[in-house]
Amino acid sequence: MLINCPYCGPRPSEEFTQLGDATVQRPASNDPKTMDQWFDYVYLRDNPKGRFKEYWHHGGGCRSWLVVERDTQTHEIFGVTTARDFAQDQKKGKV
Amino acid sequence: MAGFRLDKGGLIDRATSLNFTFDGKSFTGHAGDTLASALIANGVHLMGRSFKYHRPRGVIASGAAEPNALVELREGGRKEANTRATVIELYDGLAARSQNRWPSLNFDIGAINSLAASVFVAGFYYKTFMWPKSFWEKIYEPLIRRAAGLGAATHEADPDKYEKSYGHCDLLVIGSGPAGLSAALTAARAGARVILLDEGSRLGGSLLSENEEIAGGSGYDWAQAAIAELASLANVTLMPRTTAFGFYDGNVFGALERVNDHVLEPSPYEPRLRYWKIMARKAVLAAGAEERPIVFGGNDVPGVMLASAMRTFANRYAAAAGKSVVVFTSNDSGYRTARDLKAKGVHVEVIVDSRKEASADAAGIPVLKGRTVADATPGKIVSGVELSDHMHIACDALAMSGGWSPVVNLMCHKGAKPIWNDRLQAFLPPDIGSDFVAAGAANGAMLLSEALREGAEKASRAVGELGFKTKKAAPPPCRDEAYAAQALWWVKESHGKAFVDYQNDVTPKDLPLAAREGYSSIELAKRYTTAGMATDQGKLGNVNAIAILAEAAGKSIAEIGTTTFRPFYTPVPFAAFVGPFTGHHFMPVRKTPLHDWAEEQGAVFVETGLWLRSSWFPLPHEEGWLDPVIREVNAARQKVGLCDVSTLGKIDVQGPDAAEFLNRLYCNGFAQLDVGKARYGLMLREDGVVMDDGTTSRLAADHFFMTTTTANAAKIMTHMEFCHQALWPELDVQYVSVTEQWAQMAVAGPKARPTLQKIVDDVVLGDETFPYLAAKEISILGGITARLFRISFSGEHAYELSVPADYGNLVARAIMQAGEEFGITPYGIEALSVMRVEKGHVAGGELNGTTTAADLGLGRMMSTKKDYIGRMMAGREGMVAKDREAVVGIRPVDRADRIRAGSHLLKKNDRPSLANGQGYITSVAYSPTLGTWLGLALLKNGRERHGEIVKVFDGIRNIHMYGEICDPMHYDKENKKLHA
C-alpha cells in the first residue's frame with residue numbers, strides 16, 4: 001500500500017503509523033458544561049465501512065502528520081493532505 | 001526400477017554430471033535436472049510416506065503443486081524441511097532425506113495405520129481423542145505429532161544471508177509462458193517499465209516442456225528469441241527463480257527470489273533468498289493452469305502421476321517415468337502425453353478415455369473410449385491397472401489427466417471469489433478491475449493461439465491506460481492443440497484406497513461423511529476433513545474435493561464455491577521476511593556519548609530499550625551489584641558523584657510561540673518562566689492520565705531546551721508534532737530532537753560546586769550568581785560550549801551539564817580529574833534510582849499510564865488558568881475520586897526485611913489474597929542512607945494513611961511481611977541538602 005505524502009511522494013505504508021479518525025475536533029472551551037463534548041472527542045469513535053479520513057504520521061519520513069482519506073473496505077486511497085492544512089480548513093469550517 | 005534416462009533430448013546438460021544423495025544413497029544427475037527428475041531417471045519413484053497412513057508415495061506433479069515428494073534438504077543450519085523435490089534444482093553435493101518414515105522409507109512401521117483406516121475417518125482426532133481431557137496435552141498430542149508429521153526443522157542458526165528489496169514497474173507480468181512472454185514483449189516494446197518473473201529456474205514456462213510450433217519454429221526457440229529481445233531492453237527486468245506469492249493493497253505484490261537455493265553454499269557476498277515488494281502500476285497474471293488428478297483406487301501409488309508431469313519429465317528432463325505406460329484421461333491433453341512418449345520411444349500400452357466420443361490424435365496408440373481406471377495395483381511401484389469393467393492391463397507407469405484448473409490464486413488474495421465455468425469444468429479468475437488482469441491458461445484460454453493473443457491484448461490495454469502506445473501486431477502463427485474436457489472427479493467403482501487430497505490423506509469418502517455430519521459448507525468441510533490444508537494448500541485436490549462435496553450435498557459446484565485463497569501461494573521461509581535484520585541488525589545498540597568514559601571506569605552496562613546504560617561501576621574487590629551501588633550512593637550523598645544521563649530525551653524548541661506551545665503541552669505553566677531558569681514540567685495525555693515528566697529550561701525568550709524521560713523520548717516528539725500540526729497549526733514554533741547531539745551528565749553531592757567551578761569559564765557558581773534552577777549557556781574548559789542546569793534528581797546539591805556529544809568523554813574525564821581531590825565517584829543508574837526513591841521522586845514505576853497528577857502528589861501543578869492537553873478529562877469524577885491509589889512511601893516494620901516491587905498491600909489483619917488488595921509497591925531500593933529497604937507504593941487513599949501498618953503480600957514467593965506507610969520523601973524533607 002502506497003501513501004502519497006505531500007512532501008515525500010508515494011511511500012510504502014510501513015513508513016507510517018496510523019492514529020484514527022481525523023474528523024473529530026478538539027473542543028475549544030474548558031467550561032465544565034462542555035464535558036460531554038470532551039468525552040465524545042476523547043473516547044467516541046466511529047468505525048465506518050467505506051470512506052474514512054484518518055490521521056497518519058510519516059514517522060519514517062518527513063515526520064508530518066497527514067490526513068489520509070481511504071476506503072476501509074477496499075483500502076483505496078482517495079486523497080492525502082497535511083494535518084496542518086486540514087486543521088486550518090477545519091477551523092475555518094471548510095471540512 | 002521403472003524410470004530411466006532417455007538417450008537424447010531434454011534441456012539437460014549431459015556433459016555435466018552432478019552427484020547427490022537421497023537417504024544417504026549416492027546418485028548422479030545432470031545440470032538442468034530437478035531432484036525429482038534425477039531420481040526418476042535413476043529409477044527411484046518412492047520418495048516419501050503419506051501423512052496419516054504412511055503409504056508409499058512418489059512424484060505426482062512436476063512443479064510447485066507437488067503434494068507428495070517432500071524432502072528435507074541440506075544439513076545443519078541450512079536444513080530445510082518439506083521442500084518439493086519437483087522444484088529443487090539439482091547441484092553437485094545435494095543431500096536430501098525422505099520424511100515421515102521410521103525406521104526407513106522402504107520399511108515404515110507407520111504403514112500399519114492403513115489396516116486401521118476405518119478409524120482414521122474425517123474428524124477422527126475430535127472423535128477418538130476426546131477423553132479423558134487430561135490425556136490430550138501429555139499423551140495424545142505428542143503421539144499424533146510423532147506419527148503424523150512432515151519434516152523436522154533445524155535447531156541450528158542459519159548461516160546464510162537474506163535480503164529485502166523493493167521493485168517498481170509499469171507492468172508486472174507473472175509467469176513467462178506464451179501469454180506472459182507475449183504480454184511482456186508488447187509492453188516492453190511500447191517503452192513501459194516491465195518486470196517479468198517466473199517461479200521456474202528458467203524463463204519460458206510451458207514452452208520449456210511442451211512440443212509447440214510458433215512462427216514456423218519450435219515453441220522453445222520462439223521463447224528463447226523473445227527472452228533474448230526482452231533481455232536486451234533497458235526497461236525490462238527479468239526475474240527467473242522468483243515466485244509472486246501474494247497480492248496486496250495498492251497493487252503491491254510479494255515475491256520470493258531464490259538467488260542461491262540452487263548451489264551448495266551461497267557466495268558470502270550474496271543472499272540465499274531475496275524478499276521483494278513489487279509496486280506494480282498494472283499487472284498481468286499469466287501463471288498458467290494446473291492439471292488435476294482423477295480420484296480412483298491407488299491413485300497415489302508411486303508411478304502414478306499427472307499426464308502433464310510425465311510429459312514434462314520426458315520432454316524437458318529426458319526422464320521416462322516407465323517402460324510401459326497407460327494414460328487415463330477425461331480430456332484431450334492426455335493424448336499429448338501418449339504421443340510425446342511414443343515419439344521418444346517409450347511404449348504406451350493404451351489410452352483409457354472416460355469420454356465415449358473423443359477425436360484427439362492418438363498417433364496409432366490404442367484408445368479405450370468410455371472406460372475408466374478403477375484401481376491401480378497397490379505397492380511401492382505401480383504394476384498394472386484394473387478398469388471399471390475388471391479388465392486388467394499391466395504397466396509400470398500411469399499418467400492421469402482430470403482436466404485443467406487455471407492458477408487463479410493471486411487474483412483471489414484480496415477476497416474475490418473465482419467463478420465456475422461449465423464448459424471448461426474449472427474455476428476462472430474473477431474480474432477485479434483493470435489494474436490486475438489474467439491472460440492465457442490462467443484465464444481459461446487453453447489454446448496456444450488464445451494465450452499469445454490474450455497476453456498481447458491485456459498488456460496493450462494495461463499500459464495503454466498508463467499512456468503508452470502499443471503497436472498493433474498480429475500474434476505469431478502457431479499450432480493449436482484442441483482442448484475438450486468432460487467432468488470426471490471420482491471413479492466410484494474403485495475398490496482400493498483413493499485420495500482426493502494427497503498431502504493430508506483425505507479420501508473421497510471423507511467428504512460425504514463431512515456433509516452427513518453437517519459440515520457441507522466448503523470452509524467447514526475443509527477444516528473437518530483437512531482437505532486443502534498444509535504446504536500445498538490443495539493445489540491439486542481442491543476442485544475434486546469441491547465437486548465430490550457438491551454431489552454429496554446435492555448442490556452444484558458453483559453453489560459450493562471455493563475456500564478462501566490467501567497468501568502465500570507457496571511456502572516462504574521465515575528467513576526471507578526477517579531479511580538481514582537479525583542480532584544487532586534487528587535491535588541496534590545505542591551507545592551514549594559517554595560510553596567510552598564509562599567503559600574506562602569499569603561500568604557494568606544494562607540494556608534499556610536500545611540504549612546501553614551504565615548501571616554500576618564495581619571496584620576490583622567488589623562482587624555483585626549491591627556493594628558498588630551502596631558505595632556510589634554514599635559518595636554522591638557525602639562527597640560528589642558523576643552520572644551519565646545522556647539518554648534523556650532532549651528537544652530543542654524555538655520560535656515566537658515556543659512558550660505558548662509548551663504552556664499547552666504541560667499541565668503547569670511555562671509562559672512566565674524566566675529566561676535562564678529551569679522548571680520541572682508534567683505532561684498529561686488528553687484523557688487526563690500522566691504521560692511524562694522532565695525539566696525544561698528557557699535559554700532565551702524564544703528558545704527552550706526540553707527534556708523527557710528516556711523511555712518516552714520518541715513518543716513525546718510524535719505527540720508534539722501531532723499537537724502542533726493537527727491541533728494548533730497557528731503556533732509559530734519549531735522543534736527538533738537533539739537527544740543524540742548533546743551529552744548530558746549529572747554532577748551531584750556536597751562537592752559538586754567546587755568540582756564544576758574548576759572547569760567552567762567566567763562563571764562563579766554561587767547561590768546568588770547560579771541559584772537553584774538556574775539554566776544557562778556557558779563555556780567550559782577554555783571555550784567548549786555547554787549548558788549548565790542547577791537541578792537535582794538525587795536530592796543533593798547538583799547540576800546537570802550538557803555538552804556537544806563529541807566532547808562528552810573529554811568533559812567527563814575532565815570532571816573526574818577536577819573532582820579527584822574531593823573523592824569524585826562515577827555512579828550508575830542503580831545508584832541514581834536508589835537516590836530518587838529515597839527522595840520520593842516519581843519515575844517509570846509510578847508514571848505507569850494509570851496515575852493522575854494528584855495520585856503522584858503533584859495535583860497542585862495543574863494550572864487552572866490555561867488550556868492544556870488533559871485538563872478537562874483530568875477533572876472527571878473517576879479521576880478525582882477520593883479512594884484512588886496515591887503515591888506513598890513504605891518501609892518494612894522489621895528493618896531486616898526486604899520488600900519487593902510488585903508486592904500487594906493489604907490491611908494489616910486481612911488474609912493474604914489479591915481480593916483484599918489496597919495497592920502495590922511500585923519501586924524499591926536498599927537505602928544505604930537509612931540502612932533499610934524502602935520503597936514507593938500506590939495505595940488507596942494513601943495520603944491519609946501515613947503511619948499505618950500494612951501487610952505486604954508477595955504472591956509470587958507466597959510470603960508476607962509488614963510495612964509502615966510514610967511520606968514518599970524518605971530523605972531530607974526540608975530540602976536542606978538540595979539548597980546547601
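Each chain gets a letter, A, B and so on, in the order its sequence line appears, and its residues count up from 1.
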Is the shortest heavy-atom distance from the side chain of A:Trp38 to the side chain of B:Glu686 under 4.5 Å?
-> yes

Charged N to carboxylate O below 4.0 Å: is that the case for B:Asp867 and A:Arg26?
-> yes

Verify the neighbour count for atom OH of A:Tyr43: are there more than 12 heavy atoms of other residues, nucleotides or ligands below 6.0 Å?
-> yes

If you measure from CG on B:Asp249 to CD1 on A:Ile77, what distance do you get to the nearest 0.5 Å?
-> 8.5 Å

From A:Met35 atom CE to B:Met873 atom CE, the distance as rounded to the nearest 0.5 Å | 6.0 Å

From the list B:Gly250, B:Gly875, B:Ala726, the residue making the most non-hydrogen contacts under 4.5 Å with chain A is B:Ala726

Is any side-chain heavy atom of B:Phe722 less than 4.5 Å from a side-chain heavy atom of A:His57?
-> no

Note, B:Met279 side chain near A:Pro10 side chain (heavy atom, < 4.5 Å) = no

Under the 3.5 angstrom rule, does the side chain of B:Lys414 hit a backbone N or O of A:Thr74 as a donor-acceptor pair?
-> no

Quick one: pull up CD in B:Gln725 and CG in A:Asp85 and give me the separation to the nearest 0.5 Å.
-> 10.5 Å

Could you state the interatomic distance from CE (B:Met872) to CZ (A:Phe39), rounded to the nearest 0.5 Å?
-> 13.0 Å

Does any heavy atom of chain B fall under 4.5 Å from the side chain of A:Pro12, the backbone, both, or neither of them?
-> side chain

Within 6.0 angstrom of B:Gln741 CD, more than 12 heavy atoms from elsewhere | yes

Where on B:Arg876 is there a heavy atom nearer than 4.5 Å to chain A: the side chain, the backbone, both, or neither?
-> both

Separation of B:His724 NE2 from A:Arg84 CZ (nearest 0.5 Å) = 4.5 Å

Contact part of B:Ile869 toward chain A, heavy-atom cut-off under 4.5 Å: side chain, backbone, both or neither?
-> both

Identify which part of A:Ser13 has an atom lying under 4.5 Å from any heavy atom of chain B, answering side chain, backbone, both or neither.
-> neither

Among A:His75, A:Arg63, A:Glu76, single out the residue with the greatest number of heavy-atom pairs under 4.5 Å to chain B.
-> A:Arg63

About how many Å separate CG of A:Leu19 and OG1 of B:Thr718, when rounded to the nearest 0.5 Å?
-> 10.5 Å

With a 4.5 angstrom heavy-atom cut-off, could you sort out which part of A:Glu14 is near chain B: side chain, backbone, both or neither?
-> side chain

OH/A:Tyr7: more than 12 non-hydrogen atoms of other groups inside 6.0 Å = no

